[in-house]
Amino acid sequence: MIYEKYKEREQISQQKIQQLTKTININSIARLFVIIIGGAALFYSFQTNSIVLVVGLVLLIVFLFVLLISRQSKLEKQRDAEKAFLDVNENELSIRVDRKNMYDSGSEFEFTGHPYTSDLDVFGEYSLFAIVNRCGTLLGVRQLASWFQHASAKDIVEKRQQAISEIAEDLEWSQSLQAKLVFNLRQKSDVKVFLSNYFNHVDGSFGNRFMDIYVRIAPFLLLLGVLYAMFIAPIWPIVTGLALVHLFWTIALAGKVAMFSGRTEKVGRTLASYAEALKLIEDKIFLSSRNKELQQHLRSGERMLSSVFLELSSLINSLDARNNMLVGAVLNMIFLWDFKYVLKIVKWKSRHQNTILVAFDIIAEYEAINSLAILKRNNPDWVVPVLLENPSIDKMYARHLGHPLISTDYSVRNDYTNEHHEIALITGSNMAGKSTFLRTVGLNAVLAYAGGVCCGSEFRLPIYKLITYMRIKDSLNESTSTFKAELDRMKFILETVAADTNSFFLIDEMLRGTNSVDKYLGSRAVIRKLIVMQGKGMVATHDLQLASLEEENFEKVKNYHFDIQVQDGEMLFDYKLKEGKCTVFNASMLLRGIGIDVEDEN
């Protein structure tokens, strides 16, 4: 079972982190010993008056200290990587237990005016997106959200299904991609936007041919001057003067240099992390067509984009050395450091600016694919839906279809097909399952159109234009009553069906904001109009009188219902969809349950 693997990987990561932490602490102590023992040894060596011994000890101490610092850095990087793996596996276990996901819930995409997302709980806390999303980057989040907001073309979705299935089978690669990008959850800015703005602000006109040549030879000129002063003639004033000329030259152009360095704080390390994710993608041997297509875009000329990212990361990190005033001054006096790396960034920009930004979009799509691949891996009993060709004539067929957000322990699955009708009229008792069934169909359709697996044993459907009328609210800001909001939504439904007969509507209890007579007459008129417009979909209602529409519209409307059973005065819900109209309602029983007696008119 996959969750047992997550638990095992969690424990392995915890053990590795503990071991690495122990090693890091030992390494820190070793650095302290080098300083203490080395200092004592140096003190002793001074007593011997041996220059060779003193110089040798100094070099040995510096070498050991640098070696330990380098080892410390590598160990801390390994520990950070293991912590990322630990976070990834702990997150999978957390989602299963209490549905808490460390990734974005998509709340920013909640919009009541969307054709279906608000009614179907696609975005927000405890939503479909909150359960599925594993995208660390802002672009990845937006990519996955767009797949949930709009159905893609059939051929695109089928390619995506193959890509998802391929990644779902490779747990190690899938989690490695997650782990390398999980740091983005702490990022507040979009790195692609940052780099795009950076390239636009940096016009590439820095320096000239003379500067380019002189920067290359400046260190050698200074070295020749030092050697001449040491072994031929003491020209130290000239050497010092040349170094000061270098320093003041860089100070004079500090404003232009700042255009390159002032906006790059910490971005060098971020780019290095992206490079690791790109390298992971580049090295993977893909078989599915969409994964291979995406992979082929990760090239800039003869180079792979991971190496291009690493080069820019290295250049930015090197230029950032100027932020330390003392170190920067020394580096500029000897190497004209600022000019050297600004010129390198300008050359890098001219070669790779037009190709590097696409890498962020490629990573985003792989993150979105990986999110749906994890959904498939975590739910091996869910089915890959079959998308049919023609929404005008092809019908929906669902077997054992369940609500994707309801735990398997509580989910009741239903069969449904619209093979012999266009509109399903679903009547039933309060809390019997009508609204949940409509959302079950809608959410599984959203998953199917995104390329994901669906909660069922079989699901075949064409790509409909999905629209809903379920949660209608008034708006104080817009001075809109509930009934006015309902009229606006119904107008939207009718206009959408009129414009596209391949629409599929999910309507739950229309016209609730008016009296029962107008509600019935209005609902009946709306359904009749939808029939005339060749509309397709489902209507859930408490109005049993509407069931007569089946007799009036043979093979256009079909009655279904959810009912209750009453045993020993208790209401029992089985949440099973049944053919025909409902005959048992429970409003009176529910009212009695809170101490209100309802008179029987008979």
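Enclosure of atom OH in Y44 is not indicated, since only 12 or fewer non-hydrogen atoms of other residues, nucleotides or ligands lie within 6.0 angstrom. Shown here is K154, whose NZ atom has more than 12 heavy atoms of other residues, nucleotides or ligands within 6.0 Å. No more than 12 heavy atoms of other residues, nucleotides or ligands shown are found within 6.0 angstrom of CD1 on I285. The 12-atom threshold is exceeded at NZ of K284, counting heavy atoms of other residues, nucleotides or ligands nearer than 6.0 Å.
Ring planes of W337 and F335: perpendicular class, angle over 60° (limits at 30 and 60°). Taking the six-membered ring for Trp and thresholds of 30 and 60 degrees, F129 and F148 have ring planes more than 60 degrees apart, a perpendicular arrangement. Note: F123 and F109 have tilted aromatic rings, judged against thresholds of 30 and 60 degrees for the angle between ring planes.
Remark: the backbone N or O of T21 is paired with a side-chain donor or acceptor of N25 at under 3.5 angstrom. Q295 places a side-chain N or O within 3.5 Å of a backbone atom of I281 that can act as its donor or acceptor partner. For N27 (side chain) and L68 (main-chain N/O), a donor-acceptor pair under 3.5 Å exists by modelled atom type. Checked by atom type and distance alone, the side chain of W173 pairs as donor or acceptor with a backbone atom of L280 at under 3.5 Å. Listed for the N379 side chain is no donor-acceptor partner under 3.5 Å among the backbone atoms of W382. Under the 3.5 Å distance criterion, the side-chain polar atoms of N101 are matched with a main-chain donor or acceptor of A130. For S350 (side chain) and K347 (main-chain N/O), a donor-acceptor pair under 3.5 Å exists by modelled atom type. Formation of a donor-acceptor pair under 3.5 Å by the W147 side chain with backbone atoms of S152 is not found in this model. Of the possible polar contacts, none joining the S70 side chain to the V66 backbone as a donor-acceptor pair under 3.5 Å is found. Between the side chain of S314 and the main chain of L310, no donor-acceptor pair closer than 3.5 Å is present.
Once rounded to the nearest 0.5 Å, the distance linking OG1 of T408 with CG of D381 reads 6.0 Å. In this structure, CZ in R377 is found 11.5 Å from CG in L372, a value given to the nearest 0.5 Å. Taking CD of Q143 as the reference point, atom CG of L138 lies at 13.5 Å (rounded to 0.5 Å). Taking NZ of K74 as the reference point, atom CD1 of I69 lies at 13.5 Å (rounded to 0.5 Å). Put simply, CD on E365 and CG on N291 are 8.5 Å apart, with the number rounded to the nearest 0.5 Å.
Residues S107 and G124 share a closest heavy-atom pair of OG-CA, 3.7 Å. Considering every non-hydrogen atom in both L128 and P404, the closest pair reads CD1-CB, 4.2 Å. L305 and T355 make their closest contact through CD1-O, 3.9 Å (heavy atoms, listed as atom of the first residue, atom of the second, distance). Nearest heavy atom pair, residue S371 against residue V132, reads CB-O, 3.5 Å. Scanning both residues, S196 and L357, for their nearest heavy atoms gives CB-CD1, 4.1 Å.
Here F85 pairs with nothing under the ring pair (Phe, Tyr, Trp, His ring centres under 6.0 Å) rule; sequence neighbours left out.
Looking at heavy atoms from C-beta onward, D190 lies in side-chain contact with R142 at the 4.5 angstrom threshold. At a threshold of 4.5 Å between non-hydrogen side-chain atoms, the residues T250 and L247 count as touching. Taking 4.5 Å as the limit, every side-chain heavy atom of L278 sits out of range of all side-chain heavy atoms of I362. Using a 4.5 Å heavy-atom threshold, the side chains of E293 and F286 count as separate. Side-chain contact between T117 and E110 is absent, with no heavy atoms from C-beta onward closer than 4.5 Å. Considering only heavy atoms from C-beta on, L315 stays 4.5 Å or farther from L319 through its side chain. Between V453 and L375 there is a side-chain heavy-atom pair separated by less than 4.5 Å. Considering only heavy atoms from C-beta on, F360 stays 4.5 Å or farther from T137 through its side chain.
Considering E166, R160, Q161, Q162 in turn, E166 is the only one that fulfils the side chain to side chain donor-acceptor pair (under 3.5 Å) rule with S288. The only option from K7, R134, R9 that meets the side chain to side chain donor-acceptor pair (under 3.5 Å) definition with E92 turns out to be R134.
Outside the 6.0 Å centre-distance limit, the rings of H352 and F309 are not counted as a close aromatic pair.
Checking D98 against S94 by side-chain atom types alone, a donor-acceptor pair falls below 3.5 Å. Residues Y103 and Q178 bring a donor and an acceptor atom of their side chains to less than 3.5 Å of each other.
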K279 vs E282, test: salt bridge (Lys or Arg N to Asp or Glu O under 4.0 Å). Steps then yes/no.
CA-CA 5 Å; K279 181 67 173 172; E282 292 164 355; 5.1 Å; no

Would N184 and Y274 satisfy side chain to side chain donor-acceptor pair (under 3.5 Å), going step by step from the backbone distance to the final call?
CA-CA 10 Å; N184 282 283; Y274 271 96; 3.0 Å; yes

List the steps, then state whether salt bridge (Lys or Arg N to Asp or Glu O under 4.0 Å) holds for R216 with D212.
CA-CA 7 Å; R216 297 182 188 184; D212 190 23; 3.5 Å; yes

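Using a 4.0 Å cut-off between a side-chain N of Lys or Arg and a carboxylate O of Asp or Glu, E82 and R79 do not qualify as a salt bridge.
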